[in-house]
Q: 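Take a look at the following structure, please.
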Amino acid sequence: MLRLARGLAQGIPSRIGVRVTKSLAVALHPGIERAKVPRSRGIRGRTAEVSEIQPEGGRPLPPLEGARPEADAVISIDHVTKRFGAFVAVDDAHFDIARGEFFSMLGPSGCGKTTTLRMIAGFEQPSTGEIRLDGKDMSRVPPYKRQVNTVFQQYALFPHMNVWDNVAFGLRATKVPKPEISKRVNDLLGVVRLAGFAERRPGQLSGGQQQRVALARALVNYPRALLLDEPLGALDLKLRQAMQLELKRIQRELDITFIFVTHDQEEALTMSDRIAVMNEGRVEQIGTPEQIYHEPASVFVAGFIGMANLLPARVDGRDGELAIARVAGDHFVRVEAAPGVADGAEATLMVRPERAHLRVDEPPAGLIGIPTDVVDLVFQGPVVRFELRIADGTTLVAHVGPEDDLPLLRPGDRVWMCWEPGAGRLLAPSGHSAPMPGVDNTKELSTIVRSHQ
Amino acid sequence: MADVNERDDQGRKQARASPWLLLAPGVVFLFLFFFFPLFTLFQMSLSYRPSRFEDPVFGWEWSNYSEAFSQYGEQFSRSFVYAGLATLAALAIAYPLAYVIAFRGGRYKNVLLGLVVVPFFTNFLIRTLAWKTIVGDQGWVVDTLRWIGILGENESLLRRPIAVVGGLTYNFLPFMVLPIYVALEKIDPRLVDAARDLYSNTWRAFRKIVFPLSLPGVFAGSLLVFIPAAGDFVNAYYLGSAKTTMIGNVVQNQFLVQVDYPVAAALSFVFMAIVMMIVVVYSKILGTEDIA
């Protein structure tokens, strides 16, 4: 479902969209034209047409010549810690962001995502560690000498300048020749579909239009990476969804690295190539949206992204690849374990509500199940949402579709909540999840990203 | 049905009337104590005195105005030059001060603002007399300047234009600090971040963002200093000499010493007209309505 939705989102051609002019794309990536790269270039190889889905499946694509040197890191966060007095805002963050990637930092407020972004922009200095842009240490480089640009949370448009002057601001500062400025500003206003608004003041624009001016103002400088600090937070839901697709389109067309900070998991899942989930200053997990959703590395990640049933469990042993865990009293289940789950230790079993099935009878071998009481059920259209209680009082949720073919159930009835062995996952308690998959993995990155096409 | 319409009509009438009701006290006050006296003053400016000891009589006496121009042109221009210099000096002192309080004040913001206002707790006259003591011949300022050699052995600061301009600056400085502070304080610091993000160093960010956005404060502050400074007579009286007489001193002298009300009234009107012209030109140059 998720995969389908993502495919669709990317397949929708921009209805009234102005396509990026060829000259603009060439200016951004001088190698493109000569190299004659196929349309589906780049580490993602994700394309605008659904029909172009490639037959290789999970196999890595052959390296592309010319378009990019390789899938190398634009930005390296190298063991960066940021302290404000005694408060540790960012705790030993360590990851790379690849060229052309849509990278999100996701977490609740105060998790350190904005601080990390501000360190990349240069507004804050790391207490320890190093931030590299194209391999060069940025520690002593002020913001105005860094080839990155930011889209600020409330846009921070200059209220006393019109749209044109706002967008041209960075180019004028770097003494770009006038004709070049005027060409680039026009191009970008076209990209963000504000061609007719050059003379307006920010105060005369709607929130969505201001947002697009902020985007143009940053992108017109052809930054090495675009930093976006919760740029959609101030928009209403409809506009936010439209802008998500819009952002994705612009990112794909300009092929610029986007680093996107958000607390909205749906937003991150919709747009990102990879997501770094952060909590209390620590990076809990880095991975593709699918990895984050299906294979969370910690309880925090499981709970923060989507809905998850979390059951206290004890690891009882191993059965080959799988762990054997005891849940809900005396039920032994064989289940995949996240890294960091130790034998004999406390752990948490996660089952997503949509992966759960209900059965009236005890499930056959090969299906894992625990007995529950129905507490409540709500018809929600495509699924029925069941609230269930197990012996120790934990409440579980199951989203049950019509394929389960159940008799009429009422609160108080006994049912078995079941799932396939691969649907559950055993998680270590939060904060003990190291080593994480996907951290410091620029080499693996291309494989990971390709494998989920 | 008709009843409802009637009530509706009444409501609408009330809604239309309420702004006028709210305005009424102010309008009445202004009429009684500003427009009416202004009219009387205007009448007075066109009157003549049959003799030194009789009351003035109205008679379209335009010669009062020509006398005001021809006899006191020097004092007029001196007033506006002094007021202009005091405004510039106040701006030069107040802008950095307001800037530091607004952007670097942190939790001491209100304390620092309080300190700016503290001189107002003292009477205007007392402040001017204090300034006279400070820059007086026996004061430490003159001592220091003589010691450095900027002032000669027998030179002093008092009775010179610089003392008057200094006094005006000193007395009206808070009127410059407060509006500029308010304008600066309103500026979103993220705008400065945005400018720095867009390849502007601190100086360019100030020139292109902070300063233009603070102009309404500069405009308001300049007017609040310039207008009362131009009309002031206390500073010139206590700190200056016969060579630093300002138009305020002339008006005061005409009204209270010469008791020549018609000329004094004409002087007042000329002064008002010039100030209004200056304000209009100034607001055109700064184009404030555009920013606000």
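Residue numbering restarts at 1 for every chain, and letters A, B, ... go by the order of the sequence lines. All of these numbers come straight from a predicted model, not from anything done at the bench.
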Q: Given that the side chain runs from C-beta out, which part of A:Phe169 has a heavy atom under 4.5 Å from chain B: side chain, backbone, both or neither?
A: both

Q: A side-chain contact here means heavy atoms from C-beta on lying under 4.5 Å apart; do A:Tyr144 and B:Leu198 qualify?
A: no

Q: Around B:Phe120, counting heavy atoms of other residues, nucleotides and ligands shown, do more than 12 lie under 6.0 Å from its CZ?
A: yes

Q: May I ask you to name which of A:Ala214, A:Gly170, A:Ala218 has the most heavy-atom pairs under 4.5 Å with chain B?
A: A:Gly170

Q: Given that the side chain runs from C-beta out, which part of A:Leu157 has a heavy atom under 4.5 Å from chain B: side chain, backbone, both or neither?
A: backbone

Q: Surrounding CD1 of B:Ile162 (heavy atoms of other residues, nucleotides or ligands, distance under 6.0 Å), is the total greater than 12?
A: no

Q: Would you give the length of the straight line joining atom OH of B:Tyr199 to atom CD of A:Gln147, rounded to the nearest 0.5 angstrom?
A: 4.5 Å

Q: For B:Met272, does the CE atom sit with more than 12 other heavy atoms under 6.0 Å from it, leaving out its own atoms?
A: yes

Q: Tell me, do B:Leu191 and A:Pro159 make a side-chain contact under 4.5 Å, heavy atoms counted?
A: yes

Q: Under the rule for side chain to side chain donor-acceptor pair (under 3.5 Å), what residues qualify as partners of B:Ser200, not counting sequence neighbours?
A: B:Arg204

Q: Starting from the C-alpha separation in whole Å, work towards a yes-or-no answer on side chain to side chain contact (heavy atoms under 4.5 Å, CB included) for B:Asp197 and A:Phe123.
A: CA-CA 9 Å; B:Asp197 188 64; A:Phe123 298 124; 3.8 Å; yes

Q: Assess the residue pair A:Lys145 and B:Asn201 against the criterion (side chain to side chain contact (heavy atoms under 4.5 Å, CB included)); give the C-alpha distance rounded to whole Å, side-chain angles, the decisive distance to 0.1 Å, and a yes or no.
A: CA-CA 9 Å; A:Lys145 286 187 179 160; B:Asn201 56 26; over 6 Å; no

Q: Measure B:Ala195 against the heavy atoms of chain A and call it side chain, backbone, both or neither at under 4.5 Å.
A: both

Q: Would you check, one step at a time, whether the test side chain to side chain contact (heavy atoms under 4.5 Å, CB included) holds for A:His160 with B:Leu215?
A: CA-CA 11 Å; A:His160 57 302; B:Leu215 278 180; over 6 Å; no

Q: Top residue by heavy-atom pair count (under 4.5 Å) with chain B, among A:Leu227, A:Thr150, A:Asn149, A:Asn221?
A: A:Asn149

Q: Can you tell me if NZ on B:Lys208 sees more than 12 non-hydrogen neighbours from other groups inside 6.0 Å?
A: no

Q: For A:Ala156 and B:Arg190, work out which heavy atoms get closest and say how close.
A: CB-O, 3.8 Å

Q: Could A:Arg118 and B:Asp193 be called an ion pair, given the rule that one side-chain N must be under 4.0 Å from one carboxylate O?
A: yes

